[in-house]
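Note: hydrogens, waters and symmetry copies are ignored here, and every other heavy atom, side chains too, is used. This is a predicted model, so every value here is computed, not measured. First listed ligand is number 1; within each ligand, the first listed atom is number 1.
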Amino acid sequence: MIPRIALTPGEPAGIGPELAVKLAAGGHAAQIVTVADPQLLEDTAARLRQPLELIPFDPGQAATETPAGSLHILPVEMASAAAPGQLDIANGPYVLETLRRAAGGCLSREFDALVTGPVHKGVINDAGIAFSGHTEFFAEQAGVERVVMMLAAEELRVALVTTHLPLKDVSAAITPRRLEQVVTILHRSLRDQFRIGRPCIGICGLNPHAGEGGHLGREEIDIIEPSLEKLRARGIELIGPLPADTLFTPPQLARCDAVLAMYHDQGLPVLKFKGFGHAVNITLGLPFIRTSVDHGTALNIAGRGIADGGSLRAALSQAVELAQLRQP
Ligand SMILES: NC(=O)c1ccc[n+]([C@@H]2O[C@H](COP(=O)([O-])OP(=O)(O)OC[C@H]3O[C@@H](n4cnc5c(N)ncnc54)[C@H](O)[C@@H]3O)[C@@H](O)[C@H]2O)c1
Ligand SMILES: N[C@H](C(=O)O)[C@H](O)COP(=O)(O)O
């Protein structure tokens with residue numbers, strides 16, 4: 001089976017188009033259908049002095065491997081020509097349309113998986129569209145209440161209870177219901193998608209020293225521990241809640257198949273310190289496979305031809321592997 005993978009390069013002024021064009025240089029055991037403006041890709045290839053053939057995507061044909069030097073293309077037109085490094089709110093709706101079209105194709109099984117390049121959350125909001133990230137956007141598109149963001153690099157996997165939320169709102173968002181949903185999704189994905197027989201999940205506390213017995217915060221005692229007890233009673237193997245600075249040490253990590261952090265910057269700096277440049281962001285709990293890069297739009301280097309494509313290649317490999325495992 002040749003997986004058919006939708007690829008969205010993301011923000012047109014960022015490094016995403018360059019990384020898509022660089023990805024085209026190597027052959028792939030997949031059909032890569034780039035959902036983007038063809039002119040943007042052609043201009044980017046010309047700037048990189050890299051030959052690029054765009055092959056029109058035909059959904060009626062069986063998937064064929066995308067040959068080296070080419071990409072299959074599903075065109076979506078930009079509102080305004082993009083200049084590298086210069087955000088333009090006029091293209092906010094374009095970015096979202098590429099995501100909508102790609103997610104719709106995954107939901108209808110036109111595509112076997114979706115790989116996303118980096119978007120700029122700020123400029124989409126500046127364009128008047130409320131948007132906090134792909135993760136939340138795809139959950140809404142798919143009509144699911146809860147999904148889980150997990151980043152992986154080598155043997156380290158870090159998932160989050162809360163994602164793109166101001167720090168002041170984190171504590172209130174950590175409810176028994178959310179914890180139960182997140183741990184259930186994470187456990188099921190580790191077992192069924194990542195084929196780990198009996199997954200063990202390490203759970204971070206929220207407060208310093210996991211609350212120090214209630215002297216540095218009570219969320220562990222009032223919310224987290226009782227929720228974990230219920231999940232353990234269902235047979236899920238959990239460690240914690242442990243202080244995050246204890247859990248993220250080699251002896252503790254060796255016991256866990258994944259770490260669950262309570263908020264974005266509790267978990268992701270550790271993961272990115274270990275694997276930035278080749279880590280993969282995976283959304284768990286969606287009815288389709290979605291992987292992404294570990295980095296942002298890197299406006300400061302866009303258009304210079306120096307962006308590193310390691311994380312996009314890793315995201316593509318992970319998507320292909322998950323798509324192949326999903327086959328009966
Ligand atoms: N997957 C995504 O869509 C995603 C992920 C992270 C951040 N973002 C968004 O990206 C925007 C910019 O975020 P940021 O500045 O915090 O992070 P960033 O990752 O864009 O940049 C941080 C630093 O890393 C460098 N860098 C990033 N990717 C690189 C690559 N592939 N090769 C070489 N150098 C690279 C940049 O030049 C910069 O110096 C924000 O709007 C943020 O929300 C999107
Ligand atoms: N939180 C992610 C990171 O720091 O890498 C990033 O913002 C992307 O999130 P989405 O996949 O939800 O856009």
Side-chain angles (χ1 to χ4, degrees), residues 7-23 48 84-89 91-92 95-96 98-100 102-103 114-127 129-142 144 146-153 156-167 170 261-286 288-316 318-319:
L7 169 68
T8 54
E11 167 55 45
I15 58 173
E18 172 181 332
L19 297 182
V21 170
K22 285 181 171 170
L23 194 69
L48 293 172
Q86 289 172 34
L87 295 170
D88 183 346
I89 58 170
N91 283 326
V95 172
L96 282 199
T98 64
L99 303 187
R100 210 174 278 119
L114 167 57
V115 177
T116 59
V119 299
H120 196 283
K121 299 170 189 63
V123 76
I124 297 172
N125 283 279
D126 290 344
I129 307 164
F131 177 84
S132 59
H134 291 95
T135 306
E136 301 84 351
F137 180 81
F138 292 140
E140 198 182 319
Q141 293 289 302
V144 293
R146 186 73 57 211
V147 294
V148 176
M149 183 188 296
M150 182 174 87
L151 273 76
L156 180 63
R157 300 184 188 90
V158 177
L160 307 179
V161 177
T162 58
T163 53
H164 298 118
L165 206 59
L167 197 50
V170 165
M262 291 292 139
Y263 58 94
H264 192 280
D265 285 4
Q266 184 181 51
L268 296 194
V270 181
L271 188 287
K272 293 193 184 185
F273 181 69
K274 181 168 182 67
F276 190 62
H278 58 270
V280 181
N281 176 349
I282 307 145
T283 311
L284 312 178
L286 283 173
F288 58 87
I289 296 161
R290 180 262 169 164
T291 67
S292 191
V293 290
D294 64 4
H295 56 78
T297 48
L299 298 174
N300 57 331
I301 59 167
R304 292 169 52 193
I306 58 172
D308 178 42
S311 180
L312 185 62
R313 288 195 299 277
L316 177 64
Q318 179 75 88

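- When every heavy atom of Leu316 is checked against every heavy atom of Val115, the shortest pair comes out as CA-CG2, 4.0 Å.
- Of all heavy-atom pairs spanning Asp294 and Lys272, the tightest one is O-NZ, 3.1 Å.
- In summary, the atoms of ligand 2 found under 4.0 Å from a heavy atom of Arg290, numbered by their order in the structure, are 11 (O).
- When hydrogens are left out, the protein atom nearest atom 5 (O) of ligand 2 is Lys272 NZ, 2.8 Å; that is the closest non-hydrogen contact.
- Counting the atoms of ligand 2 from 1 in the order shown, those under 4.0 Å from a heavy atom of Thr135 are 10 (P), 11 (O), 12 (O).
- Within the 4.0 Å heavy-atom criterion, neither part of Thr116 lies near ligand 2.
- Shown here for Gly16 and Pro118, the closest heavy-atom pair between the two residues is CA-CD, 4.2 Å.
- Nearest protein heavy-atom neighbour of atom 34 (N) of ligand 1: Ile301 CD1, 3.5 Å.
- Proximity of His134 to ligand 1, defined as any heavy-atom pair under 4.0 Å, is confined to the side chain (atoms from C-beta onward).
- Proximity of atom 23 (C) of ligand 1 to the protein is not indicated, since no non-hydrogen protein atom lies closer than 4.0 angstrom.
- Under a 4.0 Å heavy-atom criterion, Ser292 is in contact with ligand 1.
- How far CG of Leu23 is from CG of Leu7: 6.5 Å, rounded to the nearest 0.5 Å.
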Next item on the list: Start with the C-alpha distance between Tyr263 and Leu165, add both sets of side-chain angles, then the distance that settles side chain to side chain contact (heavy atoms under 4.5 Å, CB included), and finish with yes or no.
Entry: CA-CA 8 Å; Tyr263 58 94; Leu165 206 59; over 6 Å; no
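- Atoms CG and CG, on Leu151 and Leu160 in that order, are 7.5 Å from each other to the nearest 0.5 Å.
- Atom 31 (N) of ligand 1 has its closest protein heavy atom at Asp308 O, 2.9 Å.
- By the criterion of a heavy-atom distance under 4.0 Å, the side chain of Ile15, and not its backbone, is placed next to ligand 1.
- Formation of a donor-acceptor pair under 3.5 Å by the His120 side chain with backbone atoms of Glu11 is not found in this model.
- Of the possible polar contacts, one joining the Lys22 side chain to the Ala307 backbone as a donor-acceptor pair under 3.5 Å is found.
- Checked against a 3.5 angstrom limit, the closest N/O atoms of His134 and ligand 2 fall inside it.
- When distances from atom 14 (P) of ligand 1 to the protein are checked, no heavy atom turns up under 4.0 Å.
- In terms of N/O distances under 3.5 Å, ligand 2 is approached by Lys121.
- Proximity of atom 28 (N) of ligand 1 to the protein is indicated by at least one non-hydrogen atom lying closer than 4.0 angstrom.
- Side-chain atoms of Thr116 never come within 3.5 Å of backbone atoms of Ser292 as a donor-acceptor pair (strictly under, hydrogens ignored).
- The atoms of ligand 2 that sit less than 4.0 Å from any heavy atom of Met149 are 1 (N), 9 (O), 12 (O).
- Only the side chain of Leu268 comes within 4.0 Å of ligand 2, counting heavy atoms alone; its backbone N, CA, C and O stay farther away.
- Aromatic ring pairs are classed by plane angle as parallel below 30°, tilted from 30° to 60° and perpendicular above 60°; the pair His264 and His164 is tilted.
- Among protein heavy atoms, atom 43 (O) of ligand 1 sits closest to Lys121 NZ, 3.0 Å.
- Each of the following atoms of ligand 1 lies closer than 4.0 Å to a heavy atom of Ala307: 32 (N).
- If you check which protein heavy atom lies closest to atom 8 (C) of ligand 2, you get Asn281 ND2, 3.7 Å.
- Under 4.0 angstrom from ligand 2, the non-hydrogen atoms of His164 all belong to its side chain.
- The CD atom of Glu18 lies 8.0 Å from the CD1 atom of Ile306; values are rounded to the nearest 0.5 Å.
- Against a heavy-atom cut-off of under 4.0 Å, Gly133 is close to the following atoms of ligand 2: 12 (O), 13 (O).
- In terms of protein heavy-atom proximity, atom 1 (N) of ligand 2 is nearest to His264 NE2, 2.8 Å.
- Between the side chain of Thr291 and the backbone N or O of Ile282 there is no donor-acceptor pair closer than 3.5 Å.
- Thr297 OG1, 3.3 Å is the protein heavy atom nearest to atom 11 (C) of ligand 1.
- Of all heavy-atom pairs spanning Ala261 and Val158, the tightest one is CB-CG1, 4.5 Å.
- Nearest protein neighbour of atom 9 (C) of ligand 1, counting heavy atoms only, is Val119 O, 3.3 Å.
- Ala298 CB, 4.5 Å is the protein heavy atom nearest to atom 25 (C) of ligand 1.
- From the protein, the heavy atom lying nearest to atom 7 (C) of ligand 1 is Gly296 CA, 3.3 Å.
- Atom 36 (C) of ligand 1 has its closest protein heavy atom at Asn300 OD1, 3.5 Å.
- Nearest heavy-atom pair across Gly85 and Ala302 is N-CB, 3.7 Å.
- A donor-acceptor pair under 3.5 Å links the side-chain atoms of Thr162 to the main chain of Met262, judged by distance alone.
- For the atom pair Arg290 CZ and Gln318 CD, the distance stands at 12.5 Å (nearest 0.5 Å).
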